[in-house]
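Since the structure comes first, as structure tokens, the remarks are kept for the end.
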Amino acid sequence: MLEMARDLLSWAFILGGGFFLIVGGIGLLRLPDFFTRLHAAGIIDTMGAELMLAGFVLQAGFSLVTVKLLLIVLFIMFTSPTAAHALAKAALHGGYKPRLATGGDDDRGSD
Amino acid sequence: MLHAIYLGLASFSLWLLLSGYFEIFLLSLGLLSTCLVVYIARRMDVADHEGRSLHMHVFRLFGYWAWLGMEIVKANLDVTRRILDPRLPISPEVFWSPVTQGSEVGRVAYANSITLTPGTVAIDLEGDEVEVHALNREAADGVRSGEMDRKVTALDL
Amino acid sequence: MFAAAILAIIVTMLLILARALLGPTVWDCILAINSFGTLTVLLIAAHGFLMERPEFLDIALVYALINFIGIIAVLKFFEYGDLGPGKRARLDEDQG
């Protein structure tokens, strides 16, 4: 019984993760400019990948495999914001102007 | 020097954890690679200076992670709706928001938390302000309200 | 069921690849490649579970590390035009 509940939960996590991955992919294609696409990539890195890995953790039970999966989760959680931040900063310094809703006034600091 | 020894011990225990082998030959290979890592870290000058320990309330940190997880789920659902439903508006904005953390680790934790929440990305961190790009007004107002900022500041020792 | 996970991952990879090929600016391409790397990590892990060979997780872990370092290296190259410390230090001096 407990086994089945764990299985169901893990499949729900894996399928949910797959759904958010595809949503992130669609967003990456659909959103209008680079900075908005950054948010779609955020969905892939946080919700999609973590849910799927959580499902794998439930499937694996408690062993060395779990430790490795948790290390991957931790690593993605720490590196994905760093990479996103580095990308945004590099794009802004590289002269890419974000498309803004409020019009042209972006109070950007010294460059 | 002390930091280098700690780094070596930490790397070697990580190696043991990941490999699970205890033969003499493989252990010596692990020791060799640990020494290489420590040597490179010292040569890059990161072993001794950047070895700041975590000046934070460790128990509150877990509470904060739980709260952050909930925020991430909520933000994800919101951004997902915005991607799938073309009628919902996307109105990006860029603004500066105040940062109240004293320590460098706290600031980085705050900026990373902003970026980890979909809908908002921290672009730059200068002085006492962080530059944020938000997907829409609600996400931007979430950062402007300063709730996350206060929670991260409460983590600082 | 792991096959379903792999299917979702591959569909997403195709969408991302389209963005990497279309991407009007170099930043779009780098962003797409970064996400593609995350998905590769997932694909390797899922494949390991499908084949019941947990050793694949080690490869996934290493791939996650390499992906991050690679993206940072590419970004550093595009921002400073150099991977060494020299030019960057000079640039910081000019700004500061």
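Chain letters run A, B, ... following the sequence lines, proteins first and then strands; every chain starts at 1. Here the structure is a predicted model, which means the values were calculated and not measured.
Only the side chain of C:Val41 comes within contact range of chain A, judged by heavy atoms closer than 4.5 Å. In this structure, chain C has a heavy atom under 4.5 Å from the side chain of A:Leu15, while its backbone stays farther away. When heavy atoms are compared at a cutoff of 4.5 Å, C:Asp28 approaches chain A by way of both its backbone and its side chain. Only the side chain of A:Ile14 comes within less than 4.5 Å of a heavy atom in chain C; its backbone stays farther off. For a residue to count as touching a neighbouring chain, one of its non-hydrogen atoms must lie under 4.5 Å from one of that chain's; by this rule C:Leu22 touches chain A with the side chain only. The parts of A:Leu71 that come within reach of chain C are both its backbone and its side chain, each placing non-hydrogen atoms under 4.5 angstrom from that chain. Proximity to chain A is limited to the side chain of C:Leu39, based on heavy atoms less than 4.5 angstrom apart. With a threshold of 4.5 angstrom between heavy atoms, A:Phe34 approaches chain C through its backbone and through its side chain.
Considering every non-hydrogen atom in both A:Asp7 and A:Gln59, the closest pair reads OD1-NE2, 3.1 Å. Taking both residues in full, the closest heavy atoms of A:Leu53 and A:Leu69 are given as CD2-CD2, 3.7 Å, listed atom of the first, atom of the second, then distance.
Counting heavy atoms from C-beta outward, A:Thr79 and C:Asn67 have side chains that stay 4.5 Å or more apart. A heavy-atom distance below 4.5 Å is not found between the side chains of A:Phe56 and C:Leu57.
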### Query
When you look at C:Phe68 and C:Tyr63, which way does the side chain to side chain contact (heavy atoms under 4.5 Å, CB included) test go after all the steps?
CA-CA 9 Å; C:Phe68 175 64; C:Tyr63 199 92; over 6 Å; no
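Enclosure of atom CD in C:Glu52 is not indicated, since only 12 or fewer non-hydrogen atoms of other residues, nucleotides or ligands lie within 6.0 angstrom.
Using a 4.0 Å cut-off between charged side-chain N and carboxylate O, C:Asp58 and A:Lys68 make a salt bridge.
A:Asp33 places a side-chain N or O within donor-acceptor distance of the main-chain N or O of A:Thr36, the cut-off being under 3.5 Å.
Comparing C:Leu61, C:Leu7, C:Val26 by heavy-atom pairs within less than 4.5 Å of chain A, the highest count is held by C:Leu61. Between chain C and the residues A:Ala88, A:Ser63, A:Ala49, the most heavy-atom pairs under 4.5 angstrom are made by A:Ala49. Chosen from C:Leu42, C:Thr38, C:Thr25, C:Ile16, the residue pairing most often with chain A at heavy-atom distances under 4.5 Å is C:Leu42.
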